Number of protein chains: 2
Amino acid sequence: MLKLSTKGQYGVRAMFEVAKGYPDRPVSIKEIARRQEVSVAYLEQILSTLRRAGLISSVRGPGGGYLLTHGPAHISIAVILRELEGPVSIASCMDPEEGCHRVEGCVTHTLWRSLGEKIDAFLSTITLDDLLKDERLLMDAAEHDRIVTIKRAAAGQGG
Amino acid sequence: MLKLSTKGQYGVRAMFEVAKGYPDRPVSIKEIARRQEVSVAYLEQILSTLRRAGLISSVRGPGGGYLLTHGPAHISIAVILRELEGPVSIASCMDPEEGCHRVEGCVTHTLWRSLGEKIDAFLSTITLDDLLKDERLLMDAAEHDRIVTIKRAAAGQGG
DNA sequence: TAATACCCTACTAGATTTGTCAAGTATTTA
DNA sequence: TAAATACTTGACAAATCTAGTAGGGTATTA
């Protein structure tokens, strides 16, 4: 339950690759596709959405690619997912576009809203910068052959 | 994003109605259907699943219906949803049945796992008893015409 | 002008969701 | 025992969503 679509998942991973080029090296779709094992055509759709949302900008022509418009520490996972999949809406009646015709008398309404807010709050605290740091940790740990420490670090990452 | 299917939503609402009959008044599908505005046929499927899972038991014949097998304070929303929709698995590769073929080197893996654990923890703290109390609060507030207070109460309900 | 790389729309196979329908079985009450 | 109530099960199907593919563009650089 509560699955994220591949669009959202790939989107985060793509943004992570773009973040690696921050602040000035454009990262091409081809490079992202190779590193993250996702098709170029599918990534085009995803990155196009993120560009229109203003999270990244594009540079055309040879040597071109995508650039973060803000520092990695200022782009949260919540923002990326919201652009690709819309706002968190556990029950469809919570979606601002639809609305709920039986809010009063509906005992689950506040429950879903609380859960949604919790999820949103958590994803808002994690940024691309955290993912970059995590990767450094991961590589570090692999070198020293003590993977275990990462898990502890990751577990403590949300408040 | 992160929608719950209607099966899960209706399931929780149905369990809430069954909880109202606790400990000894069987609640019929027809009654649940009327109160929660869900079709009888669809509810049959849902309740059948919950019965096989051992969350409720059934009484046949006239005056029959469904009964909670444990007290409302001991049945969490997490348990209900898990039976109807499977475990929380933000990314499909987190599903115990599938497994992830690129765990190492995948920066998002620990992120999705952390989120999943947070969601599970939250839903495990909310029980049917909380929903029953919430309804009493709701009715109380409606009487006194100060709906606003509920929202505050509900917002503070999770840790 | 050739090569690179982004840009955009349309389309579709397959899975999932959200139910309905029909034909049972079990239990109680008159 | 017959009738009524109510749970039980499995098949089926329309609608929607997902997860892409395909194929044409346009902009920039060397």
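Protein chains get the first letters and strands the later ones, always in sequence-line order, with residue 1 at the start of each. Values below: all heavy atoms of this structure, side chains included; hydrogens, waters and symmetry mates excluded. Because the structure is a prediction, the values reported are computed rather than measured.
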d([atom1], [X]; [atom2], [N]) in whole Å:
X       : N      : atom1 : atom2 : answer
A:Leu43 : C:dC7  : CG    : C1'   : 14 Å
A:Ile46 : C:dC7  : CD1   : C1'   : 15 Å
B:Leu67 : C:dT27 : CG    : P     : 15 Å
A:Arg51 : C:dA5  : CZ    : C1'   : 13 Å
A:Lys30 : C:dT4  : NZ    : C1'   : 8 Å
B:Leu50 : D:dT8  : CG    : C1'   : 14 Å
B:Glu31 : D:dC7  : CD    : P     : 10 Å
A:Glu85 : D:dC17 : CD    : C1'   : 12 Å

**OP:** Just call it for B:Ile29: base, sugar-phosphate, or nothing, with non-hydrogen atoms closer than 4.0 Å on any strand.
**Re:**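 The residue B:Ile29 makes sugar-phosphate contact but no base contact.
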Original post:
Choosing from D:dA27, C:dC8, D:dC7, which nucleotide comes nearest the side chain of A:Arg60?
Top reply: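 Among D:dA27, C:dC8, D:dC7, the one nearest the side chain of A:Arg60 is D:dA27.
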Original post:
Do A:Glu44 and C:dC7 share a donor-acceptor pair, side chain to base, under 3.5 Å?
Top reply: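 Side chain to base: pair found, below 3.5 Å.
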Subject >> Flag side-chain contact, heavy atom, 4.5 Å: B:Ile77 against A:Leu115 >> reply: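 The answer is no, as the side chains (C-beta and beyond) never meet within the 4.5 Å cut-off.
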Subject >> Side chain to side chain, A:Gln9 and B:Thr108, heavy atoms closer than 4.5 Å >> reply: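 A:Gln9 vs B:Thr108: side chains apart.
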**OP:** Encode nucleotides 14-20 of chain C as B, S and - characters from 5' to 3', where the letter depends on protein heavy atoms closer than 4.0 Å: B to the base, S only to sugar-phosphate, - to neither.
**Re:** ----BBB
Original post:
With no hydrogens and no angle check, do the side chains of A:Thr49 and A:Glu83 hold a donor and an acceptor under 3.5 Å apart?
Top reply: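 Their side chains do not contain a donor-acceptor pair, so the 3.5 Å distance test is not met.
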Subject >> Of B:Ser58 and B:Pro62, the one whose closest DNA chain D nucleotide lies more 5' >> reply: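 Between the two, 5'-proximity favours B:Pro62.
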Subject >> Check against salt bridge (charged side-chain N to carboxylate O under 4.0 Å, His left out), A:Lys20 and A:Glu17 >> reply: CA-CA 5 Å; A:Lys20 286 189 192 169; A:Glu17 292 299 331; 3.3 Å; yes
Subject >> B:Pro26 versus B:Gly65, closest heavy-atom pair with distance >> reply: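 Nearest pair, atom of B:Pro26 first, then B:Gly65: CB-N, 3.6 Å.
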Original post:
Taking the nucleotide of DNA chain C with the closest heavy atom to each, which residue, B:Gly61 or A:Gly64, is nearer the 5' end?
Top reply: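 Upstream on the strand: A:Gly64.
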**OP:** Determine, step by step, whether B:Leu111 and B:Val107 satisfy the side chain to side chain contact (heavy atoms under 4.5 Å, CB included) criterion, reporting the C-alpha distance in whole Å, the side-chain angles of both residues, the deciding distance to 0.1 Å, and the verdict.
**Re:** CA-CA 7 Å; B:Leu111 171 59; B:Val107 279; over 6 Å; no
Original post:
Would B:Leu67 end up clustered with B:Ile29 when hydrophobic side chains under 4.5 Å apart are linked, directly or stepwise?
Top reply: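 No, no single cluster joins them.
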Original post:
Is the distance from OP1 or OP2 of C:dC8 to the nearest side-chain N or O of A:Arg52 less than 4.0 Å?
Top reply: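 Yes.
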